[in-house]
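Structure first, commentary second.
Here, residue 1 is the first one in the sequence, and each next residue gets the next number. Since this is a predicted model, take the numbers as computed values, not measurements. As a basis for the values below, the full set of heavy atoms in this structure was taken, side chains included, without hydrogen atoms, waters or symmetry mates.
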Amino acid sequence: MGILDNDEREISLTPEFIEKSDKDLLTIKSLDKFASQTGNILVISSGYATEALCGGDITRAHGDVDAHIILTGLKSTEKLFSGVKAIISKEDTKWKLRNRTPEKFEFIADYKNKDFFAKRRLEVYLNSPHEYNIKYPERKLINSKGEEIVVSVVDLDEMVLQKIHKFYILKDGVDTSKDRHSSISDFFDLKRLLESRELDKEKIREKAAKEFDYVTYLMNEY
C-alpha cells in the first residue's frame, strides 16, 4: 500500500486535536439526543467507534465523525436534515454543507487557514434498520476532562471484518468516490481491536473464512 508512504494525516493527539475531539464528542451527544427524540437510533462507526469499543479514551486524532441514524422512527429526509443542521448551527464551529444526498449529509468546518484533515468534519448517514434487527452495543466515549457519554456503536466483529476486507481483500482497491485509501490510522485501529478482550478470534476466523475466499486460502496456506 504505497499510499501510506505519502499519508499526511495526523494521528498524534496534539492539544489542537484534543480540543477537536472534545467538540466531536459534544456533537455526537447532541445527535444522539436528536435521534432519540425522533424515534431513531444513532450509531457511531469508524474511528470513534473503535475508541468506544476499546475502553472509551480518545487515543489518537480523528478526521471526522461517522454517525448513522437508523430509521426506526422519523424518516423524512428534509426534517432530519433540518434537525441536524439546527443542532450543529448552535455550536461555535462554523459549519458549511459539503455534500448532500438522500442517504447522507456531509458537513465541514469553514476554516480556510486549516488543512483539510485538521478541519472538523461530520458525515451523517441515513440507514434503514438491519433486516436481522441487529442490536448495537452501547459503549462510552470519554473526553479530556474525564466526562463520559454513552453511545451505540457498530458491532466489534463487524468492525474487524470490515478492516480485514479493506486490507486483504480489496487490497486498497477502493472506490474513492465512496471510500478512501487505507491510512496508518486504519492499522492502528485494527491492532487495538484485535487486542480487545471481548473479541472471539476463533469466531472471527470462522466468519472471515465463510465470507472471504482469500482468507480461506491464507488459512489453508498457513
(Q) How about NZ on K23, more than 12 heavy atoms from neighbouring residues, nucleotides or ligands closer than 6.0 Å, or not? (A) yes
**Q.** salt bridge (charged side-chain N to carboxylate O under 4.0 Å, His left out) assessment of R100 paired with E78
**A.** CA-CA 11 Å; R100 177 183 174 183; E78 191 58 45; 3.0 Å; yes
Q.
On a heavy-atom basis, which atom in G63 and which in R121 lie closest, and how many Å separate them?
A. O-NH1, 3.2 Å
Q) E198: what forms a side-chain hydrogen bond (donor to acceptor under 3.5 Å, both in side chains) with it, not counting sequence neighbours? A) R139
Q. Ring pair (Phe, Tyr, Trp, His ring centres under 6.0 Å) with F107: which residues, sequence neighbours excluded?
A. none
**Q.** Closest non-hydrogen atom pair between N127 and H68, with its separation
**A.** OD1-ND1, 2.7 Å
Q. Can you tell me if S82 uses its side chain to pair, donor with acceptor, with the backbone of K79 under 3.5 Å?
A. no
Q.
Quick one about S144 and D22 (side-chain donor to acceptor, distance below 3.5 Å, no hydrogens or angles considered), yes or no?
A. yes
Q. Would a distance-only check, ignoring hydrogens and angles, find a side-chain to backbone donor-acceptor pair under 3.5 Å from D24 to R120?
A. no
Q: Applying side-chain contact (heavy atoms from CB on, under 4.5 Å) between L13 and each of T59, I18, D57, report the one that passes.
A: I18
**Q.** Residue pairs passing the salt bridge (charged side-chain N to carboxylate O under 4.0 Å, His left out) test where at least one lies in residues 40-53, sequence neighbours excluded
**A.** E51-R192
Q: Return yes if some donor-acceptor pair links the side-chain N/O of S36 with the main-chain N/O of D32 below 3.5 Å, else return no.
A: no
Q.
What I want to find out is whether E16 reaches K20 closely enough, with some N-O distance under 4.0 Å, to be called a salt bridge.
A. no
(Q) Between I142 and V151, is there shared hydrophobic-cluster membership here, with clusters defined by ILVMFWY side-chain heavy atoms closer than 4.5 Å? (A) no
(Q) Looking at L190, is its backbone amide N or carbonyl O close enough to the side chain of T50 to form a donor-acceptor pair, meaning the two atoms are under 3.5 Å apart? (A) no
Q: Please list, chain by chain and in numerical order, all residues satisfying salt bridge (Lys or Arg N to Asp or Glu O under 4.0 Å) with D157, sequence neighbours excluded.
A: K203, K207
Q. Who passes salt bridge (Lys or Arg N to Asp or Glu O under 4.0 Å) against E103, sequence neighbours left out?
A. none
Q: Give a yes or no on whether the backbone of G73 and the side-chain of N40 come within a donor-acceptor separation of less than 3.5 Å.
A: yes
Q | Minimum heavy-atom distance K75-T72, with the two atoms named | A | NZ-C, 4.1 Å
**Q.** 4.5 Å side-chain heavy-atom contact, V124 and L80
**A.** no
Q: Just grab all the ring-ring contact (aromatic ring centres under 6.0 Å, His included) pairs involving residues 12-65, residues at least two apart or on different chains.
A: Y48-H62
